[in-house]
Number of protein chains: 2
Amino acid sequence: MERAEPTRGRRKAEHMADTREALVAAGATLFASRGYAATGTEDIVSSARVTRGALYHHFSDKADLFRAVMERSARDMAQRLIEQETARAEAHPEYDAWTTLRLGFQSFLDACADPSFQRIVLIEGPAVLGHSIWDSLVDQHGYVLLAEVLTKAMQEGSIDALAVQPLTRMLAALISEASLYIARAQDQARAREETGDALDRILAGLERRPA
Amino acid sequence: MERAEPTRGRRKAEHMADTREALVAAGATLFASRGYAATGTEDIVSSARVTRGALYHHFSDKADLFRAVMERSARDMAQRLIEQETARAEAHPEYDAWTTLRLGFQSFLDACADPSFQRIVLIEGPAVLGHSIWDSLVDQHGYVLLAEVLTKAMQEGSIDALAVQPLTRMLAALISEASLYIARAQDQARAREETGDALDRILAGLERRPA
DNA sequence: CATCCAACATACAGCCTGTATGTTGGATGC
DNA sequence: GCATCCAACATACAGGCTGTATGTTGGATG
């Protein structure tokens, strides 16, 4: 995607990238704390120390900036999960797909605790971007990982064969809602435990059964 | 809540209720089709054949109207599910709690297919109202029914004892997401079948197991 | 029948988005 | 090395939309 610029053009290109990144970072902070509608474009550009002209030069409109913000948030989340996944695979090569699945889901649940991710990706995202854009973003960055793990578990025979695509999204929604429930609970430690238990029990329904 | 007016005051009170209902109905249609942000207050009042003055007389602001719209949508949904539930209980008094649970969840899945419900309650609601208001609405109208069925199933011993509150919300999210997946699928019949299967299998994880 | 007030209608002010129009600094060709 | 150009911004403006403040009216009330 990123084409190598001629050496002369580097300085300018980097400066431009900086500006864009500053806008996305400012948008991420403000959208996450105040929400999309309550955040004015002037708030964003003043936080990024540019003007509204820069914003509308880099993005087609406010929603387009939000799209970039959500994409970054989703990408970061996927990156974190992949790192945890590979680290676990290295540390415990003996784990089978079923164990990996269960542990991975608990990791996902914990990672979703991030308030910025919750607000931007889970709450505002669907309303601001609409389902087609939101779906494409989550497909790219989020579901691929989940679907991969599920497919592997099916191939190993640790869970029964089901349609991977709907199952992926249903389980992702399950974990997402669980993370929101935990975040809003008075006793978060207890909520974490209870949702974790429920998640494990629900996953057990997918376990391969004797015919 | 509703105090009996003196007989003379009826006409006026009914007219007021009509106006309010017209606003809620117009809001429901427009919010569901165009979304909250894209719907102007002028669109709503012209559709309801009143002026913006009436809107701001009955509701504190635009979000307050949306709250009334969502409340009506959630109440209708709950009402439909309760009716189905009682009808099933009368037609098949032999069903145990486990069967009732499974059939009820499939009914819930089908009921969630309503595009207006999806847009207003599931997509826009959380972003527009914030979690505390949204949660209180869903608690009142939606979760009570689910929690009731789950509790009964646990008491009958057909599913294992788990924390009802988090489980209720996780399962509701599961079904909600499934309904959205179906609505957005190209092959909806196939999506309905696949999600229905997955839902059944997931529920199976809650089934009581031999120690 | 005079009075009052709830239930609206109208008018206005402020904000906020998007666009149209400048401006500037670095890259580029010669 | 310098004129030129254009991308990367900054500024200015127009339109719309929300919320509020201020009128108005028809029915209830004593």
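To find a chain, count down the sequence lines: A is the first, B the second, and so on, and within it residues start at 1.
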A:R184, CZ atom: more than 12 neighbouring heavy atoms under 6.0 Å: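 Atom CZ in A:R184 is crowded, with more than 12 foreign heavy atoms closer than 6.0 Å.
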Considering all heavy atoms, the nearest [X]-[Y] contact:
{"X": "A:A68", "Y": "A:F59", "value": "CB-CE2, 3.7 Å"}
{"X": "B:T195", "Y": "A:M170", "value": "O-CE, 3.8 Å"}
{"X": "B:G196", "Y": "B:Q106", "value": "O-NE2, 3.3 Å"}

Under 3.5 Å: donor-acceptor pair, side chain of A:S107, backbone of A:L103: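 Indeed, once roles are kept as given, a pair shorter than 3.5 Å links the two residues.
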Donor + acceptor pair across side chains of B:T39, B:R34 (<3.5 Å): no
Contact pattern, 5' to 3', of nucleotides 10-21 of chain C - B, S or - by protein heavy atom under 4.0 Å: B------BBB--
Ring geometry between A:Y36 and A:F66 (parallel below 30°, tilted from 30 to 60°, perpendicular above 60°):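 Perpendicular: the ring planes of A:F66 and A:Y36 meet at over 60°.
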N/O (side chain, A:T19) to phosphate O (OP1/OP2, D:dA8) under 4.0 Å: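 No, because none of the side-chain N or O atoms of A:T19 sits under 4.0 Å from OP1 or OP2 of D:dA8.
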Phosphate OP1/OP2 of D:dC9: any A:H57 side-chain N/O under 4.0 Å: no
What is the distance, rounded to the nearest whole Å, between atom [atom1] of [X] and atom [atom2] of [N]?
{"X": "A:L55", "N": "D:dA8", "atom1": "CG", "atom2": "C1'", "value": "14 Å"}
{"X": "B:H15", "N": "D:dA28", "atom1": "NE2", "atom2": "C1'", "value": "15 Å"}
{"X": "B:M16", "N": "C:dA9", "atom1": "CE", "atom2": "P", "value": "14 Å"}
{"X": "B:R49", "N": "C:dA9", "atom1": "CZ", "atom2": "C1'", "value": "17 Å"}
{"X": "A:L23", "N": "D:dA8", "atom1": "CG", "atom2": "C1'", "value": "12 Å"}

Stems involving DNA chain D, each a run of at least 3 consecutive Watson-Crick or G-U pairs under 3.5 Å: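 Ordered by first number, the stems with DNA chain D (at least 3 consecutive pairs each) read C:1-30 with D:1-30.
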N/O donor to acceptor pairs below 3.5 angstrom from side-chain atoms of residues 18-29 of chain B, sequence neighbours left out:
from	atom 1	to	atom 2	distance (Å)
B:T19	OG1	B:H15	O	3.1
B:E21	OE2	B:R72	NH1	2.9
B:T29	OG1	B:A25	O	3.2

